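The analysis underlying the following values was restricted to heavy atoms, covering all of them including side chains, and did not include hydrogens, waters or symmetry mates. Bear in mind that the values here come from a model prediction, so they are computed numbers and not experimental data.
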Amino acid sequence: MPAVSIIMATYNHAEFIENAVRSVLAQTFQDFELIIVDDGSTDNTGKIVQENIKSEKIKYCYQKNMGAAGARNNGLRMAVGEFVVFFDSDDLLYPKYLERQIETMRRAESDMAVCDFDLVYWDGTRKNVIIGIQSQDQFYQWIIQNQSPPVATMIKRNVVAAAGFFDESLFNTEDYDLFLRILAGGAVVAHTHETLCDYTIHKVGISEQIENKIKDKAKIINKLSRMLMEKPGLLRKEQLKALMDKNRVYFQRCLALNIDTASTMPEAVRFMEKQYSERRGMAPFLVKCLGYPRYNQLIFIKNSLMYRGYGEKILDQELAWRRKKG
């Protein structure tokens, strides 16, 4: 039984997949299986895997298109390793990736290990990203700032199973949702202080992604709010205040896209109203009188009058990390 199951979801990535697979096969730590789930590719992705790359470590499975979450879940059902890595077919692992990540997990006795990585843009330029996760309040840290992409994260397989796998209703942020559930369950993250992989960013226009991404984030905020209402001890008072600030931004982004927050995020509305009810001042008074959705609409109107192009700016910020700087 291999120690690690590397789960690669792929869709129409014939251009990239051979290099990605070879980066896995070149690992210094060889006790792994590579599960490739072809999510309904219509190009020659499958042919490249089956004819160009020969290895007993590879399991190839073709399925109808379900999205990344569905493909990863099917890969998880096939996996037998103690640890799992979710690896997209346009990313690359450096040769010591598995060796170093396993060393970290075993030394720290952690449930997850994250490593530093290179953000690789469509034109080949790079930006090194150092993970900022600290040893305390890791659940809160992950909420405020999504700490690492799937390729930079190794997890115990039983921990993923206990958290309930990926949410297949999400198409852009399914990994963020899963990692939050894992951490809310008490998982501990260790940091491998070494750059061990490439995370690829393709040139995609904001208009092509922003609406689906905001809708997915709204679902996650709603799920997170329900979790915090059911388990209020997960965050401290000052952390709840910071989360309220973060939530306000997403409520505003929903309004910029004409998304009805009352029906889209009912649990988040309840959470925000509860938090305001425990505070004093004009804002809590207005929330009590109007309800949070209508109060948020007033804030959106005020900001739109004060700042030219306010709606476009807050939407633009959502995908700002994808842009190549300089």
Side-chain angles (χ1 to χ4, degrees), residues 1-9 24 27 29 31-35 68-69 71-73 75-88 91-94 96-119 128-167 170 173-199 220 223-224 227 231 234-235 239:
M1 182 179 296
V4 186
S5 296
I6 302 171
I7 299 169
M8 178 187 290
V24 175
Q27 292 296 297
F29 182 92
D31 189 14
F32 67 85
E33 62 176 354
L34 172 59
I35 301 169
R72 289 171 176 168
N73 282 344
L76 275 166
R77 295 182 187 103
M78 298 168 61
V80 297
E82 178 185 0
F83 308 108
V84 293
V85 176
F86 301 104
F87 179 47
D88 290 340
D91 296 332
L92 294 175
L93 301 184
Y94 299 176
K96 292 189 177 182
Y97 176 94
L98 294 180
E99 178 184 337
R100 296 289 193 250
Q101 290 279 71
I102 288 174
E103 284 176 358
T104 295
M105 292 192 72
R106 288 178 173 162
R107 181 178 63 252
E109 298 182 344
S110 65
D111 304 292
M112 298 171 61
V114 295
C115 66
D116 305 328
F117 60 95
D118 272 354
L119 206 55
N128 187 238
V129 179
I130 306 299
I131 299 295
I133 192 79
Q134 304 298 316
S135 59
Q136 301 297 319
D137 297 320
Q138 293 183 333
F139 174 55
Y140 169 71
Q141 291 176 60
W142 217 286
I143 291 174
I144 298 303
Q145 183 178 358
N146 190 357
Q147 292 288 329
S148 74
V151 66
T153 311
M154 179 179 284
I155 318 173
K156 287 183 177 177
R157 182 168 58 91
N158 64 344
V159 170
V160 179
F165 286 29
F166 290 95
D167 182 344
L170 300 174
T173 51
E174 71 282 348
D175 52 292
Y176 179 54
D177 170 68
L178 175 64
F179 295 162
L180 283 181
R181 284 185 275 122
I182 287 172
L183 289 165
V188 176
V189 184
H191 181 196
T192 303
H193 297 270
E194 190 173 347
T195 300
L196 293 172
C197 56
D198 286 352
Y199 178 50
I220 293 173
K223 292 169 68 175
L224 176 62
M227 185 190 306
K231 300 178 180 179
L234 284 172
L235 296 180
Q239 294 172 340

Point to revise | Spacing of CE belonging to M105 relative to CD1 belonging to I155, to within rounding of 0.5 Å | key: 8.0 Å

Review point. Is the shortest heavy-atom distance from the side chain of D91 to the side chain of D198 under 4.5 Å?
Key: no

**Study point:** Reported CD1-to-CG distance for the pair I133 and L183, which is rounded to 0.5 angstrom
**Key:** 7.0 Å

Review point. So, for R106 and A3, which heavy atoms are closest and what is the spacing to 0.1 Å?
Key: NH2-CB, 4.4 Å

Practice item. For H191 and D116, work out which heavy atoms get closest and say how close. Key: NE2-OD1, 2.8 Å

Point to revise | Student check: side-chain heavy atoms of I182 and V160 closer than 4.5 Å | key: yes

Practice item. Evaluate the side-chain proximity of R77 to F165: yes if any heavy-atom separation is below 4.5 Å, no if none is. Key: yes

**Study point:** Nearest heavy-atom neighbours spanning R100 and L196
**Key:** CB-CD1, 3.6 Å

Check your understanding: Within a strict 4.5 Å, meaning less than it, do heavy atoms of the L93 and F87 side chains meet?
Key -> yes

Review point. Is any side-chain N of the basic residue among E194 and K96 closer than 4.0 Å to the acidic one's carboxylate O?
Key: no

Revision key, fill the gap. Residues passing the ring-ring contact (aromatic ring centres under 6.0 Å, His included) test with F83, sequence neighbours excluded, are none

Point to revise | Smallest separation among heavy atoms of R72 and P150, with atom names | key: NH2-CG, 3.8 Å

Review point. Is the backbone N or O of M1 less than 3.5 Å from a side-chain atom of E33, with the two atoms forming a donor-acceptor pair by type?
Key: no

Exercise for review: Taking all heavy atoms of I7 and all of A79, pick out the closest pair and write down the distance.
Suggested key: CD1-CB, 4.3 Å

Review point. In Å, rounded to the nearest 0.5 Å, how long is the span from CG of D118 to OH of Y94?
Key: 4.0 Å

Review point. What are the two closest heavy atoms between A163 and R181, and how far apart are they?
Key: O-NH1, 2.6 Å

Practice item. Any chance you could measure Y140, atom OH, to L180, atom CG, to the nearest 0.5 Å? Key: 13.0 Å

Exercise for review: Show your working on side chain to side chain contact (heavy atoms under 4.5 Å, CB included) between T153 and D175 and close with a plain yes or no.
Suggested key: CA-CA 10 Å; T153 311; D175 52 292; over 6 Å; no

Check your understanding: Atom CE of M112 and atom NZ of K156: how far apart are they, to the nearest 0.5 Å?
Key -> 12.0 Å

Check your understanding: Are any non-hydrogen side-chain atoms of F32 and V24 less than 4.5 angstrom apart?
Key -> yes

Point to revise | Contacts of F117 that satisfy ring-ring contact (aromatic ring centres under 6.0 Å, His included) - sequence neighbours left out | key: none

Check your understanding: When you measure from the side chain of R157 to the backbone N and O of G81, does any donor-acceptor pair fall under 3.5 Å?
Key -> yes

Review point. Step by step, would you call V4 with M154 a side chain to side chain contact (heavy atoms under 4.5 Å, CB included)?
Key: CA-CA 9 Å; V4 186; M154 179 179 284; 4.3 Å; yes

Exercise for review: Using a 4.5 Å cut-off on heavy atoms from C-beta on, say whether the side chain of D167 contacts that of E174.
Suggested key: no

Check your understanding: If we only count heavy atoms from C-beta on, is the D31 to I102 side-chain gap below 4.5 Å?
Key -> no

Review point. Stepwise, does the side chain to side chain contact (heavy atoms under 4.5 Å, CB included) test hold for F166 with D177?
Key: CA-CA 8 Å; F166 290 95; D177 170 68; over 6 Å; no

Practice item. Verify the neighbour count for atom NZ of K223: are there more than 12 heavy atoms of other residues, nucleotides or ligands below 6.0 Å? Key: yes

Exercise for review: Would you mind reporting whether V129 and Y199 have side-chain heavy atoms less than 4.5 Å apart?
Suggested key: no

**Study point:** CA sep, side-chain torsions, deciding dist, call: Y176, L170, side chain to side chain contact (heavy atoms under 4.5 Å, CB included)
**Key:** CA-CA 10 Å; Y176 179 54; L170 300 174; over 6 Å; no

Review point. Going from CE on M8 to CD1 on I35, what distance comes out if it is rounded to the nearest 0.5 angstrom?
Key: 11.5 Å

Check your understanding: With distance as the sole test, does Q138 use its side chain to make a donor-acceptor pair with the main-chain N or O of Q134 at under 3.5 Å?
Key -> yes

